[in-house]
Amino acid sequence: MPDPDTPLDFIRQIVADDLRSGKTGGRLHTRFPPEPNGYLHIGHAKAICLNFGLAQEFGGLCNLRFDDTNPTKEEMRYVESIKQDVRWLGFDWGERLYYASDYFEEMYQYALHLIKAGKAYVCSLTPEEIRQYRGTLTTPGKNSPYRERTVAENLDLFTRMRAGEFPDGAHVLRAKIDMAAANLNLRDPVLYRILHADHHRTGSRWCIYPMYDYAHPISDALEGITHSLCTLEFEDHRPLYDWLLDNLPVPYRPRQYEFARLNMTSTVLSKRKLIQLVQEGHVRGWDDPRMPTISGMRRRGYPPEAIRNFCDRIGVGKKDNIVELELLEHCVREFLNRAAPRVMAVLRPLKVVLTNYPEGQVEYLEAINNPEDPTMGTRLVPFSRVLYLEREDFMEEPPKKFYRLAPDREVRLRYAYFIKCVEVVKDREGNVVELHCTYDPETKGGYAPDGRQVKATLHWVSAAHALPAEVRLYERLLTKVNPAEEKNADFKSFINPHSLMVLNPCWVEPSLAGAAVGSRWQFERLGYFCVDPDSTDGALVFNRTVTLKDPWARIKRSQLNTKS
RNA sequence: UGGGGGAUCGUCCAACGGCAGGACAGCGGCCUUUGGAGUCGCCGAUGGAGGUUCGAAUCCUCCUCCCCCAGCCA
């Protein structure tokens, strides 16, 4: 049971009340019902955490059920990716993996029941005619001319629909409710359509397929779902959900509750738009680290713990929302700060020669793997005469508040020595290509015996020992914070042309040799990085998961702003 | 203009007739061998108008604004 001190969202409130009152026989049973027609994204993660989380918290069960009622859009590969993503997020459906298609026969029998009760009929209007007969938001619809077919005729036609006697679109089965209902969903909704299409699970066994509105309440009832949670746009469908359960001899009576779907800044979460990004090549695939998909986030290095924590923090309500991406990034940093070992890597190398360091000498310096967790131990990092430093860590004419290396200035190299820049080497165009520095042998380990201080500590790698790597940096995929706000514009015009930057070669410390694909590291002072599956034996590829918080970047920005 | 929902700091979520609180973001201090992390502080909201009440974000009335619905998609 949940901690009595933390406030419950409205769904948990309902569940707690129902459990207390015995309304559901003391049972909680939820389900996560994705359609296998695309990859799961962070919005699904919210639903997954809600449904599975509820079951965990209240001692209930949560099923994984594929809502596979439209064979023209669904594929087995999506089923597999969805299972993998749910599992990766840390949830377990036990033996309760179901498919709406498992219930096709029961659904068919229930349809027969409705027909016999005079509550469903076969309609032979064309799709276009059905639309016209439906009326509009403000005007009632008209009864279909086929509405009064006899039970016998309906039974005959529906049986023959199943038998494959008719082409796609020739007939549909409709519920007989009320063509004048203010709620369009009640204007004799279509229950079954003819689709001569192979289904990824039932093959060619069926050529009529149930609609979502018909299949969902039956699936829920068959599985004994107590609380059927869905998003707000289905609120209008609840009267139909209830109508079907009231008119069918189902073994259980579930209830539907609706919550607000997740929106995030600088992000699109509609399947249509995501599939467009993939198919038109705006990203490298469903698992592109810039994608808000679970697989994209996994590849990017977002830990499942962080995603779950994010879902806890955003809460569950009924009002439209747009959560700032920064909150997700905060959750990622928070987890990785505790979990990710630290290493040194130089993304934009600037060669530095320590002119007074003995040629050919190598020292192994002890470095702490994670200051947040001493049990993670230490490692040895090689140090020698020629190093790479981060280009950004040197400025020939340092502005105010720039504390890093500059001509004649002394800084500390992490775990190593104080060094001082004595000469700047440039090419013919005047670009800085190399620095000559001296080191102070008295400062080994990074402390000066005379007590003198430096303002900055820089990361570095030894040129002779470092491993080459490719590093991919990611920025927001979209340039608009709230893409949905721009109603008249194509979201693709907001695609950030600089969302991916590939850096190569970068140099990483040798301890990273053989780092496992998917392993997550903090590159000191730069951010968190994750080994990409594109890595090969000889060349590591890293994705930047998220940067560290960077006050200097902020100062730079404000200095730029005040100048302009 | 039909029906269904929803409005609390910039953002997300609390407060369930009794001091509007937390988180993220932003800003500032302390600390620091990561300008990281940590830590302290500041900024900052009940859509509007009436009413009920000793007392209203919460109850009532009216108004305003936002979202969803006219697939044989889910």
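Keep in mind that this is a model prediction, so the values were computed, not measured.
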RNA chain B in dot-bracket form (Watson-Crick or G-U pairs under 3.5 Å, [ ] crossing, | inter-strand) is .((((((..((((....[..)))).(((((.......)))))....(((((..]....))))))))))).....

May I ask you to check whether [Y] and [X] place their ring centres under 6.0 Å from each other?
X: A/Y417; Y: A/F383; result: yes
X: A/H216; Y: A/F234; result: no
X: A/Y146; Y: A/Y121; result: no
X: A/F104; Y: A/Y209; result: yes

Heavy-atom protein contacts under 4.0 Å, nucleotides 14-23 of chain B, coded B base, S sugar-phosphate only, - none
S-B------S

B/S/- contact track for nucleotides 63-74 of chain B, protein heavy atom under 4.0 Å:
----SBBBSBSB

Taking ring-ring contact (aromatic ring centres under 6.0 Å, His included) as the definition, give me every residue that meets it alongside A/F491, ordered by chain and number, with sequence neighbours left out.
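With sequence neighbours excluded, A/F491 shows a ring-ring contact (aromatic ring centres under 6.0 Å, His included) to no residue whatsoever.
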
Note: [X]-[Y] ion pair, threshold 4.0 Å (strictly below):
X: A/E35; Y: A/K73; value: no
X: A/R201; Y: A/D102; value: yes
X: A/K444; Y: A/E366; value: no
X: A/K549; Y: A/E329; value: no

OP1, OP2 of [N] versus side-chain N and O of [X]: anything below 4.0 Å?
X: A/R342; N: B/G36; result: no
X: A/K549; N: B/U34; result: no
X: A/K319; N: B/U8; result: yes
X: A/R414; N: B/G36; result: no

Under the 3.5 Å rule, do the base of B/U11 and the side chain of A/E326 count as making a donor-acceptor pair?
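Not at all, since no donor on one side and acceptor on the other fall under 3.5 Å apart.
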
Between P on B/G36 and CZ on A/R333, what's the gap in Å once rounded to a whole number?
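Between P of B/G36 and CZ of A/R333: 11 Å.
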
Looking only at the side chains, is there a donor atom on one of A/D220 and A/Y241 sitting less than 3.5 Å from an acceptor on the other?
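The answer is yes; a qualifying pair exists.
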
Report all interatomic pairs (protein N or O, nucleotide N or O of nucleotides 41-43 of chain B) with separations under 3.5 Å.
none

Could you give the distance separating [M] and [N] at their [atom1] atoms, to the nearest angstrom?
N: B/G38; M: B/G44; atom1: P; result: 25 Å
N: B/G48; M: B/U53; atom1: P; result: 23 Å
N: B/U39; M: B/C31; atom1: C1'; result: 8 Å
N: B/U64; M: B/A23; atom1: P; result: 38 Å
N: B/A20; M: B/C24; atom1: P; result: 23 Å

Where A/R520 and A/A340 come nearest, the two heavy atoms and their spacing
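Heavy-atom minimum between the residues: O-CB, 3.9 Å.
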
Look at the side chain of A/D67 and the backbone N and O of A/R65, then say whether any donor-acceptor pair between them is shorter than 3.5 Å.
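No; zero donor-acceptor contacts below 3.5 Å.
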
Would you please name every residue forming a side-chain contact (heavy atoms from CB on, under 4.5 Å) with A/E372, sequence neighbours left out?
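Residues passing side-chain contact (heavy atoms from CB on, under 4.5 Å) with A/E372: A/N337, A/R342, A/N370.
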
Between A/T139 and A/R554, which residue's closest nucleotide on RNA chain B lies nearer the 5′ terminus?
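The residue whose closest nucleotide sits nearer the 5' end is A/T139.
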
Identify which one of A/R348, A/R525, A/H459 satisfies the side-chain hydrogen bond (donor to acceptor under 3.5 Å, both in side chains) criterion when paired with A/E390.
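Checked A/R348, A/R525, A/H459 against A/E390; only one passes side-chain hydrogen bond (donor to acceptor under 3.5 Å, both in side chains): A/H459.
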
Tell me which nucleotide among B/C27, B/G5, B/G36 gets nearest to the side chain of A/K318.
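That would be B/G5.
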
